[in-house]
Protein chains: 2
Amino acid sequence: MSTLPGRRRGPSKGDRRERAILETARALLARKPLADITIDELAAGAEISRSSFYFYFDSKIAVVVALLHDMSGDLGRDSGPWLDGSGPDAESLRAALTALAVLWRDQSRLLAGALAAAPGCPPIAQWRAGLRAAHVQRLAARIERDRAAGLAPAGPGARVLAGLIDDLRAAAFAGAEDPEALVGDLVTVELRMIYGNFGDHHPAG
Amino acid sequence: MSTLPGRRRGPSKGDRRERAILETARALLARKPLADITIDELAAGAEISRSSFYFYFDSKIAVVVALLHDMSGDLGRDSGPWLDGSGPDAESLRAALTALAVLWRDQSRLLAGALAAAPGCPPIAQWRAGLRAAHVQRLAARIERDRAAGLAPAGPGARVLAGLIDDLRAAAFAGAEDPEALVGDLVTVELRMIYGNFGDHHPAG
DNA sequence: GACTTTTTCGACGTACTGTCGAAAATCCAC
DNA sequence: GTGGATTTTCGACAGTACGTCGAAAAAGTC
């Protein structure tokens, strides 16, 4: 699964190195964009030679994919109540968006780099497509439920609408210097996209 | 302005070459992504050596910027009626979005490549920022006008809302295989973002 | 036909990527 | 602990693409 060419089994010295590479990548991503990071740096950070790097990962992208996978779990965190609920529930939506915004704040370069690299890089594109599909799937189901219940007006196909909402989130967070500051407005906008202004609320602060 | 290092004036042989480079770039972008295009190919297409390429452009990016500038005029085309009008006018919005979708259909690789390269590439980032600012400016003004006139409900700051709409367009068109198919749904969604469902309309087909 | 400007290109230096094969370190059974 | 297998390391090499320099050829000017 995770593109490791050489190793067979056994948590040995190599494991420490692999983790060191990942940690180095994280550290470097905290202060420079993905495109500016070279394999030399990754190897140096893990205190191995550049050639040795290739024993652990096939490429810089493979490292990124590993980091992304580590994060996948967190990405949908706190979205359950919103996605499984019904009606224009601003609070559960706000919780979902806040969790996402915090993640973007902490990992913006990793996420931005991944999004930028996705076209033209199948493994990353697949990762993104998987997350997107999962979100669209659940959100579209929620929209259909609400429409059937008369809570939401008809409109674009539920999957299309859900896709637009997913796109909007990614674009908005990717472009923002302070993602958390956007949460309130995104709540309003997403609710309007789904409910019109059935559910308009008055954001506090 | 357009980063031309060598030439002084006079429409000479060099002009043909410069145009040849741009045409080659256009042609290549029609069938492969920007990242896969090399300066060798650009030079070969214009029938000059790679070194000669640098006489005309500073880099591949400079070529892209030139192409983008050629296109800037078309980007806002047919948006006037929508941006200068008032109220939930689905038809003028549809016209604006259709023109944009057609542009995306024809130049998707150039635009997608530019958007992907923008972070980490100041000249392209500036181009994008300029367009975005212009759009946000006019759209925000329109929103404020409508709110003052009681045509649109209060909500996120007009500039923020306009920014989200601009982001949504870029993300939606960038991700779509058939941008024109999205226009109808985008009309609905943008109107809802601004007006709630004050202005819900019934899209035909 | 000299003189200037424009245009061309080969040679060079750099940065980064990825592969190969041999050696060193480590592990494991006996 | 020693011998053979496995894991890990790295130097050397080959490839690709970028961007610069300076000298020369081509074109334009008087």
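Scope of the values below: all heavy atoms of this structure, side chains included, with no hydrogens, waters or symmetry mates. Residue numbers start from 1 in every chain, and the chains themselves are labelled A, B, ... in the order their sequence lines are given, proteins ahead of strands.
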Any B:Val189 side-chain heavy atom under 4.5 Å of A:Pro156 side chain: yes
Side-chain N,O (B:Tyr56) to OP1/OP2 (C:dT8) below 4.0 Å: yes
Gap between atoms CD1 and C1', on A:Ile21 and D:dT9 respectively (whole Å): 12 Å
Heavy-atom check, side chain of A:Leu182 versus side chain of A:Leu97, under 4.5 Å: no
Phosphate contact (D:dT8 OP1 or OP2) by A:Ser52 side-chain N/O below 4.0 Å: no
Distance, nearest 0.5 Å, that separates CZ of B:Arg109 from CG of B:Leu34: 11.0 Å
Where protein sits on nucleotides 14-23 of chain D, one letter per nucleotide: B base, S sugar-phosphate only, - none, heavy atoms under 4.0 Å: ----BBB---
Length of the line joining A:Ile48:CD1 and D:dG11:C1', which is rounded to integer Å: 15 Å
Separation of C:dC9 P from B:Glu47 CD (nearest whole Å): 10 Å
Side chain to side chain, A:Phe57 and A:Ile39, heavy atoms closer than 4.5 Å: no
Under 4.0 angstrom between A:Arg17 side-chain N/O and D:dT9 OP1 or OP2: yes
Length of the line joining B:Phe55:CZ and D:dA27:C1', which is rounded to integer Å: 12 Å
Distance, rounded to the nearest Å, where A:Asp15 contributes CG and C:dC27 contributes P: 12 Å
Flag side-chain contact, heavy atom, 4.5 Å: A:Ile48 against A:Ile21: yes
Nearest-angstrom distance from the residue atom CZ of A:Arg16 to C1' of C:dT26: 11 Å
Beyond-backbone contact of A:Leu161 with B:Asp185, side-chain heavy atoms, under 4.5 angstrom: no
